[in-house]
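None of the values given here were measured: they were computed from a predicted structure.
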Amino acid sequence: LSVLALLFWLAWVPSHLYDSLVYHLPLAAGYARTGSLAVRPDLLFTHFPQNGEMLFTLSLILGSETLAHLFSWLGTFLAVWWLFEMGKREAPIVVVLIACLMTATHTAVMLLTPTAYVETLVMLWVTASVLSFVRWHVNASEPEAPRGWLGLSAVFAGLGVGTKYYAGVTPFILFLILLGRWLADLRGDPAAALSRRRDLALFTGLAAAAGAPWLLKNLWFVGNPVFP
């Protein structure tokens, strides 16, 4: 908590890191000023996924650059909270607390948490997606097991893709796990194979729906969903 409190205090320092000043905040300022997703030909980054910039835009509309920093801080806080809440169900509390401390004190986390960067938001979505998937997987061997946690995992994975391209590694790996489960049962129990196929379809559909908006925007404007 003391580490998170320190990072919260640092979030009140004005933006000074390169990416914040070159494109995260300038893009958000343009969106706030025009009231639209204005494309800036002078900025390559205008075609990157913009979920994080949408939060920064809200901050600037409300008149506070500091709020953009606090959204970034909130990403770290919630990622650590997910790790603690889900981890204490599976491991001794001392191990979970050490994991939370190691996460919060990682050099990159401490550097990027108090400023307007989107990496902490990616960390939140990836953490939530993987831990939700693990929570679902505990009972996934049962026929037609509840899929609520799997659905959440898919949505979080898609939100990660809508924040930063490289977050796509997460839904890709989880998709392969689900695909492997389905293929393993394909020649065995037909009922189990049908259930696995539904798992795969649910995850793929929700992850695609949550991650697609910015890719479709790129397809419309530049003809390449993952520009550049």
What pair of heavy atoms forms the shortest contact from [X] to [Y], and how long is it?
{"X": "Val122", "Y": "Ala167", "result": "CG1-CB, 3.9 Å"}
{"X": "Leu70", "Y": "Ala11", "result": "CD2-CB, 3.8 Å"}
{"X": "Ala104", "Y": "Leu7", "result": "O-CD1, 4.3 Å"}
{"X": "Pro114", "Y": "Leu111", "result": "CD-O, 3.5 Å"}
{"X": "Val155", "Y": "Ala210", "result": "O-CB, 3.7 Å"}
{"X": "Leu206", "Y": "Gly151", "result": "CD1-CA, 3.6 Å"}

Shared ILVMFWY cluster between [X] and [Y], side chains joined below 4.5 angstrom?
{"X": "Tyr117", "Y": "Leu4", "value": "no"}
{"X": "Leu152", "Y": "Phe203", "value": "yes"}
{"X": "Leu27", "Y": "Val39", "value": "no"}

Tell me, do [X] and [Y] make a side-chain contact under 4.5 Å, heavy atoms counted?
{"X": "Ser20", "Y": "Thr115", "answer": "yes"}
{"X": "Tyr165", "Y": "Leu215", "answer": "yes"}
{"X": "Val134", "Y": "Met86", "answer": "no"}
{"X": "Leu112", "Y": "Ser72", "answer": "no"}
{"X": "Phe71", "Y": "Thr120", "answer": "no"}
{"X": "His24", "Y": "Phe56", "answer": "yes"}
{"X": "Trp182", "Y": "Arg198", "answer": "no"}
{"X": "Pro228", "Y": "Asn224", "answer": "no"}

Under 3.5 Å, is there a donor on one side chain and an acceptor on the other for [X] and [Y]?
{"X": "Thr113", "Y": "Thr76", "result": "yes"}
{"X": "Gln50", "Y": "Tyr31", "result": "yes"}
{"X": "Glu65", "Y": "Ser15", "result": "yes"}

- Message: Centre-to-centre under 6.0 Å for Phe77 and Trp73, is that the case here?
- Response: yes
- Query: Ring centroid separation for Phe175 and Phe172, is it under 6.0 angstrom?
  - Reply: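 No, too far apart.
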Mutual orientation of the aromatic rings belonging to [X] and [Y] [parallel < 30°, tilted 30-60°, perpendicular > 60°]:
{"X": "Phe48", "Y": "Phe45", "answer": "perpendicular"}
{"X": "His47", "Y": "Phe221", "answer": "tilted"}
{"X": "Phe133", "Y": "His137", "answer": "parallel"}

I'd like to know if the side chain of [X] and the backbone of [Y] have a donor-acceptor N/O pair within less than 3.5 Å.
{"X": "Asn218", "Y": "Val226", "answer": "no"}
{"X": "Ser153", "Y": "Trp149", "answer": "no"}
{"X": "His16", "Y": "Pro14", "answer": "yes"}

- With sequence neighbours excluded, what pairs up with Ser36 under the side chain to side chain contact (heavy atoms under 4.5 Å, CB included) test?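 Ser36 satisfies side chain to side chain contact (heavy atoms under 4.5 Å, CB included) with Thr34, Ala38 only.
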Roughly how far apart are [X] [atom1] and [Y] [atom2], rounded to 0.5 Å?
{"X": "Met123", "Y": "Thr163", "atom1": "CE", "atom2": "OG1", "value": "12.5 Å"}
{"X": "Phe156", "Y": "Leu174", "atom1": "CZ", "atom2": "CG", "value": "13.0 Å"}
{"X": "Asn51", "Y": "Lys164", "atom1": "CG", "atom2": "NZ", "value": "12.0 Å"}
{"X": "Leu37", "Y": "Thr46", "atom1": "CG", "atom2": "OG1", "value": "8.5 Å"}
{"X": "Lys88", "Y": "Leu83", "atom1": "NZ", "atom2": "CG", "value": "12.0 Å"}
{"X": "Asp199", "Y": "Arg197", "atom1": "CG", "atom2": "CZ", "value": "11.5 Å"}

- Stepwise side chain to side chain donor-acceptor pair (under 3.5 Å) check, Ser129 with Thr170: CA-CA 8 Å; Ser129 178; Thr170 299; over 6 Å; no
- Message: Arg181 vs Ser195, test: side chain to side chain donor-acceptor pair (under 3.5 Å). Steps then yes/no.
- Response: CA-CA 10 Å; Arg181 285 165 51 86; Ser195 180; over 6 Å; no
